Every structure is written in structure tokens, then in C-alpha cells.
Enquirer: 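Below are the C-alpha cells for one structure; questions will follow.
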Amino acid sequence: MDYLRTPEQRFENLPDYPFDGKYVEIDDLRMHYVDEGTPDGQNVLLLHGEPSWSYLYRHMIPPIVAAGMRAIAPDLIGFGKSDKPINKSDYSYAGHVAWMTRFIETLDLQDITLVCQNWGSLIGLRVAAEQPDRFARILLANGGLPTGNQQMPKMFTYWRAFATYSPWFPIGKIIQSGTIAELTPDVIRAYDAPFPSPAYKAGARAFPRLVPVTPDDPAANANRAAWEVFKSWEKPFLNAFSNRDPITRGGAEIFKSRVPGCQNQPHTKIRNAGHFLQEEKGPELAAIVIDFVESSNSN
């Protein structure tokens with residue numbers, strides 16, 4: 001598999017990202033992750049989506065660590081400081097699930113609190129359903145687990161077409177389009193940093209077409225099997241969606257109605273945030289994560 005590796009100097013002097021990077025080898029690809037806090041702290045696995053990277057969690061990692069927990073934020077293959085296969089055909093939903101599974105197994109993560117958004121949820125929820133013994137609880141933020149049986153919002157249809165056909169694919173501006181607040185030029189530069197040229201963007205381009213939008217999609221059966229697991233999932237499951245995301249708005253209700261672990265949880269609607277709520281409301285979401293872990297540990 002041919003891949004590119006973003007030059008390290010692209011990541012110099014990024015605002016609010018002082019973390020030391022760590023790496024593991026997954027199928028001959030180097031996968032980057034942030035690992036902060038005490039090794040024996042509660043494992044909080046922070047999974048980003050598209051087209052972001054672990055930078056998205058920079059405002060959440062410090063308070064989680066300050067609460068005595070361990071914050072682990074990997075960069076998906078094709079994103080951030082991780083290696084980037086150059087062909088779109090190298091990316092598949094099943095492949096991303098396998099890469100994340102191997103990451104978790106390599107670090108031997110147990111008793112995981114999963115925090116996931118966007119494609120982080122499509123991948124993370126599948127891994128949790130397939131490896132439930134490793135997970136203690138789940139916090140879902142602006143995400144889902146589509147099977148191709150649901151109607152996708154028009155905004156997603158437009159996004160899929162843009163990612164597939166547009167010759168212009170400005171990562172930082174795409175993140176800006178998914179937030180309510182105005183991002184600074186330095187923050188936009190940080191989101192652009194992993195992608196020095198279009199050749200590095202195959203993974204970001206590929207993701208929208210990998211979302212199951214028809215019942216016969218290659219990933220649909222595996223996602224339906226995951227839903228069967230979640231229909232009997234008794235572990236704590238918390239929804240924290242933002243109120244101004246046109247793609248996932250209303251998605252929390254599906255989980256509340258189907259997942260037993262959602263019962264009696266303080267589900268939260270985060271106000272005045274768009275799709276990338278970690279970017280806009282990171283400290284608020286971190287506080288929700290901390291309270292979720294501490295309260296469920298005490299029960």
C-alpha cells in the first residue's frame with residue numbers, strides 16, 4: 001500500500017496543541033495518537049471524524065487529565081499525523097474498523113470510556129459492539145450508526161457530492177463550515193496542517209462515500225449486527241448532541257429509544273454549537289465526560 005507521511009514541520013507552533021505524539025504500527029502504517037494522563041487512570045478514548053484529527057480534542061484533553069483520567073486521542077489512518085494511503089480504494093469502512101481494533105488491542109485498552117463524533121462514531125460504535133468487553137461506557141456526540149435503511153439529510157447528500165467531485169477541498173474551511181463560531185486563521189491552519197497537497201487528502205475524500213446509504217451497502221450488514229448488540233447494551237450510554245448540526249440533529253432520539261443503557265442518563269443538548277462541537281464547546285463537553293465517568297463509577 002503506497003502512502004504519504006506529512007512532514008513534521010507542518011505541525012510546528014500549532015495553537016493549544018502541546019502534546020507529545022506517540023506512534024504504533026498498524027498493517028505497516030504508522031498511526032499517531034495523543035496519550036496524556038496517568039497510565040492507570042480511567043481510559044477515555046476520543047475518536048475524531050472527518051476531516052479533522054486529534055487537534056479537535058485539544059480543549060478537552062487537559063481537563064480530562066486534570067480529573068485523574070487518561071486521555072487517548074488517535075489520528076485515524078489518512079488523517080492528522082498518521083500515515084495517509086494515497087488511493088481512495090485503500091480506504092473502506094471495514095478497514096477503518098480493523099485499524100481501530102488493532103490500535104486498541106496494541107495498547108491493550110480496557111474499561112474504555114468511548115467519546116465519539118462524526119466518523120469517530122461510525123467506527124467507534126462498531127468496535128464497541130464487536131469488542132464489548134473492552135468498553136465500560138459510551139458518550140455519543142453528533143454521530144450515528146447508519147445501516148442504509150434510514151433517510152439521510154439533504155446536507156449529507158450535498159456534502160457527499162462535494163467531497164466526490166469538487167476540485168477544491170479546503171480542509172480548514174470545511175471545519176469552519178461545520179462550526180457556528182468564527183475560527184482564527186491559526187486554527188484553520190492547524191486543520192490544514194496534515195494535508196500539504198491534494199495527494200494527502202484521499203482518506204478525507206473517501207469517507208463520505210463509505211457511509212451506508214442503501215440497505216445493500218457493503219457495511220450495512222455489519223452495522224445491523226452492531227445494532228443488535230446495542231439493543232441489549234446495558235452499560236451507560238449518554239448522548240450529548242449540539243442543537244445546530246444540520247447533519248445529525250435528532251439522531252440522539254434513535255439511541256434513546258433503542259439502547260437500554262440510555263435509560264436514566266442525563267442526556268444533554270449543547271447549545272450554540274455546530275457539527276464540530278469539540279471545537280466550539282470543548283471544555284463544556286469535557287465536563288460532561290468527566291461527570292459521566294465519575295457518576296457511573298459511583299453507581
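Note that the structure is predicted; figures quoted are calculated from it, not measured.
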Enquirer: Would you say the side chain of F162 lies within less than 4.5 Å of the side chain of I174, judging by non-hydrogen atoms?
Expert: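 Touching, per the 4.5 Å side-chain cut-off.
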Enquirer: If I compare all heavy atoms of A71 with all of V65, which pair ends up nearest, and what's the gap?
Expert: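 Nearest heavy atoms, A71 then V65: CB-CG2, 4.1 Å.
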Enquirer: Heavy-atom count check: over 12 atoms from other residues, nucleotides or ligands less than 6.0 Å from K269 NZ?
Expert: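 No, not enclosed.
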Enquirer: Can you check whether A181's main-chain N or O pairs, donor with acceptor, with T179's side chain at less than 3.5 Å?
Expert: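 Yes, the answer is positive, given that a donor and an acceptor are paired below the 3.5 Å cut-off.
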Enquirer: Can you list everything that forms a side-chain contact (heavy atoms from CB on, under 4.5 Å) with N118? Sequence neighbours excluded, please.
Expert: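 Counting only residues at least two positions away or on another chain, N118 forms a side-chain contact (heavy atoms from CB on, under 4.5 Å) with E50, H275.
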Enquirer: Assigning hydrophobic clusters by single linkage (Ile, Leu, Val, Met, Phe, Trp, Tyr; side-chain heavy-atom cutoff under 4.5 Å), is I290 placed with L277?
Expert: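 Yes; tracing contacts between hydrophobic side chains, which count when under 4.5 Å, links both residues.
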Enquirer: Near K173 NZ, under 6.0 Å, is it more than 12 heavy atoms from other residues, nucleotides or ligands?
Expert: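 Check fails, neighbour count at 12 or below.
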Enquirer: Same cluster or not: are I175 and Y200 linked, directly or through other Ile, Leu, Val, Met, Phe, Trp or Tyr residues, by side-chain heavy atoms under 4.5 angstrom apart?
Expert: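 Each belongs to a different hydrophobic cluster.
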Enquirer: Could you check whether K231 pairs with E228 (Lys NZ or Arg NE/NH1/NH2 to Asp/Glu carboxylate O, under 4.0 Å)?
Expert: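 Looking at E228 together with K231, the answer is yes, because their closest N to O distance falls below 4.0 Å.
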Enquirer: Can you name the residues that form a ring pair (Phe, Tyr, Trp, His ring centres under 6.0 Å) with F11, not counting sequence neighbours?
Expert: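 Partners of F11 under the ring pair (Phe, Tyr, Trp, His ring centres under 6.0 Å) test: W53.
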Enquirer: Please collect all salt bridge (charged side-chain N to carboxylate O under 4.0 Å, His left out) contacts where either partner lies in residues 109-129, sequence neighbours excluded, each pair once.
Expert: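 Every salt bridge (charged side-chain N to carboxylate O under 4.0 Å, His left out) pair that includes a residue of residues 109-129, provided the two are not neighbours, is R126-E130.
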Enquirer: Do any N or O atoms from the side chain of T184 and from the backbone of V187 form a donor-acceptor pair under 3.5 angstrom?
Expert: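 Such a contact is found between T184 side chain and V187 backbone.
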Enquirer: Using a 3.5 Å distance criterion without hydrogens, assess whether the side chain of T6 forms a donor-acceptor pair with backbone atoms of K81.
Expert: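 Looks like no, no N/O pair under 3.5 Å.
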Enquirer: Spell out, yes or no, whether I61 and L139 are grouped together once hydrophobic residues are joined by side-chain heavy atoms under 4.5 Å, including indirect joins.
Expert: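 Yes: a chain of side-chain contacts under 4.5 Å links I61 to L139.
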Enquirer: In Å, rounded to the nearest 0.5 Å, how long is the span from CG of L76 to NZ of K84?
Expert: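 Rounded to the nearest 0.5 Å, the CG-NZ separation comes out at 11.0 Å.
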Enquirer: Do T147 and N223 get their side chains close enough for a donor-acceptor pair, meaning under 3.5 Å?
Expert: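 There is no such pair (donor and acceptor under 3.5 Å, judged by atom type) between the side chains of T147 and N223.
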Enquirer: About how many Å separate OG of S232 and CZ of R258, when rounded to the nearest 0.5 Å?
Expert: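 Between R258 CZ and S232 OG, I get 14.0 Å after rounding to 0.5 Å.
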Enquirer: As an exercise, state the distance from CD1 of I72 to OH of Y57, rounded to the nearest 0.5 Å.
Expert: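 One finds 13.0 Å between CD1 of I72 and OH of Y57.
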Enquirer: Kindly give the heavy-atom pair with the smallest separation between P74 and Y33, and that separation in Å.
Expert: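 Scanning both residues completely, I find the closest heavy atoms to be CA-CB, 3.6 Å.
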Enquirer: Please give me the minimum heavy-atom distance between P236 and S296, naming the atom from each residue.
Expert: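 For P236 and S296, the tightest heavy-atom pair comes out as CG-CB, 3.8 Å.
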Enquirer: Hey, mind stepping through F79 and Y55 against side-chain contact (heavy atoms from CB on, under 4.5 Å) and telling me if it holds?
Expert: CA-CA 11 Å; F79 297 83; Y55 186 77; over 6 Å; no
Enquirer: Given Q278, which partner from the list H59, E284, Q117, R58 fulfils the side chain to side chain donor-acceptor pair (under 3.5 Å) test?
Expert: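 That would be Q117.
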Enquirer: Between the main-chain N or O of I254 and the side-chain N or O of S257, is there a donor-acceptor pair closer than 3.5 Å?
Expert: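 Looks like yes, one N/O pair under 3.5 Å.
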Enquirer: Distance check, rounded to the nearest 0.5 Å: L183 atom CG versus I188 atom CD1?
Expert: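 One finds 5.5 Å between CG of L183 and CD1 of I188.
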Enquirer: Distance-only, no hydrogens or angles: does the H267 side chain make a donor-acceptor pair with backbone N or O of N239 under 3.5 Å?
Expert: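 Yes; judged by distance alone, with no hydrogens or angles, the pair exists.
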Enquirer: Between S82 and G78, is there a donor-acceptor pair closer than 3.5 Å when you use the side chain of the first and the backbone of the second?
Expert: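 No.
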Enquirer: Quick check: do H96 and Y91 have side-chain heavy atoms less than 4.5 Å from each other?
Expert: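 SC-SC contact between H96 and Y91 confirmed.
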Enquirer: How about CE on M1, more than 12 heavy atoms from neighbouring residues, nucleotides or ligands closer than 6.0 Å, or not?
Expert: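 Yes, the 6.0 Å shell around CE holds more than 12 heavy atoms from other groups.
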Enquirer: If you take all heavy atoms of I112 and Q42, which pair is closest and at what distance?
Expert: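 Heavy-atom minimum between the residues: C-NE2, 4.2 Å.
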Enquirer: Just jot down the side-chain contact (heavy atoms from CB on, under 4.5 Å) partners of N87, sequence neighbours excluded, or say none.
Expert: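 So N87 forms a side-chain contact (heavy atoms from CB on, under 4.5 Å) with S89, D90.
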Enquirer: When you group the ILVMFWY residues by side-chain heavy-atom contacts below 4.5 Å and let the links chain together, are L122 and L47 in the same group?
Expert: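 Cluster IDs for L47 and L122 match.
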Enquirer: Which heavy atom of F103 sits nearest to which heavy atom of V24, and what is that distance?
Expert: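 Minimum heavy-atom contact is CD1-CG2, 3.8 Å.
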Enquirer: Can you give me every donor-acceptor pair (side chain of residues 191-198, partner residue at least two apart or in another chain, under 3.5 Å) with its distance?
Expert:
residue	atom	partner	partner atom	Å
Y191	OH	E279	OE1	2.5
D192	OD1	G172	N	2.7
S197	OG	A199	N	3.3

Enquirer: Output yes when a side-chain donor or acceptor of K235 lies under 3.5 Å from a complementary backbone atom of F135, and no otherwise.
Expert: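 Confirmed, K235 side chain pairs with F135 backbone.
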Enquirer: Could you work out the complete set of other residues in the hydrophobic cluster of Y158, with links drawn between I, L, V, M, F, W and Y side chains under 4.5 Å apart?
Expert: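 Taking Ile, Leu, Val, Met, Phe, Trp and Tyr as members, Y158 stands alone, with no cluster partners.
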Enquirer: Apply side-chain contact (heavy atoms from CB on, under 4.5 Å) to the pair I138 and W233, showing each step before the final yes or no.
Expert: CA-CA 10 Å; I138 295 172; W233 183 277; 3.6 Å; yes
Enquirer: What residues form a side-chain contact (heavy atoms from CB on, under 4.5 Å) with Q110, not counting sequence neighbours?
Expert: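 side-chain contact (heavy atoms from CB on, under 4.5 Å) check on Q110 returns D108, R134.
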Enquirer: How would you list, by chain and number, every residue that makes a ring pair (Phe, Tyr, Trp, His ring centres under 6.0 Å) with F255, sequence neighbours excluded?
Expert: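 Ring pair (Phe, Tyr, Trp, His ring centres under 6.0 Å) check on F255 returns W227, F237.
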Enquirer: Can you check whether I77's main-chain N or O pairs, donor with acceptor, with D83's side chain at less than 3.5 Å?
Expert: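 No, because the side chain of D83 does not come within donor-acceptor range (under 3.5 Å) of the backbone of I77.
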Enquirer: Between CG of L107 and CZ of R70, what distance do you get to the nearest 0.5 Å?
Expert: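 L107 CG to R70 CZ: 6.0 Å, rounded to 0.5 Å.
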Enquirer: Taking ring pair (Phe, Tyr, Trp, His ring centres under 6.0 Å) as the test, write out the residues that go with Y23, two or more places apart.
Expert: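 Only H32 meet the ring pair (Phe, Tyr, Trp, His ring centres under 6.0 Å) criterion with Y23.
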Enquirer: Among side-chain atoms of T248 and D245, is any donor-acceptor pair under 3.5 angstrom?
Expert: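 Yes, D245 and T248 have a side-chain donor paired with an acceptor closer than 3.5 Å.
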Enquirer: Testing the basics here: between S242 and G274, what is the closest heavy-atom pair and its distance to 0.1 Å?
Expert: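 Scanning both residues, the minimum pair turns out to be OG-O, 2.7 Å.
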Enquirer: Residues two or more places apart in sequence or in another chain: which of them pass side-chain contact (heavy atoms from CB on, under 4.5 Å) with I180?
Expert: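 R244, E280.
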Enquirer: Which pairs would a plain distance check flag for residues 206-215, meaning a side-chain donor or acceptor within less than 3.5 Å of a matching protein atom at least two apart in sequence or in another chain?
Expert:
residue	atom	partner	partner atom	Å
R209	NH2	K88	O	2.8
T214	OG1	D216	OD1	2.7

Enquirer: Checking K201 now: which residues fulfil salt bridge (Lys or Arg N to Asp or Glu O under 4.0 Å) with it, not counting sequence neighbours?
Expert: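 For K201, no residue satisfies salt bridge (Lys or Arg N to Asp or Glu O under 4.0 Å) once neighbours in sequence are set aside.
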Enquirer: If you measure from CG on L114 to CG on L238, what distance do you get to the nearest 0.5 Å?
Expert: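 It is 12.0 Å, given to the nearest 0.5 Å.
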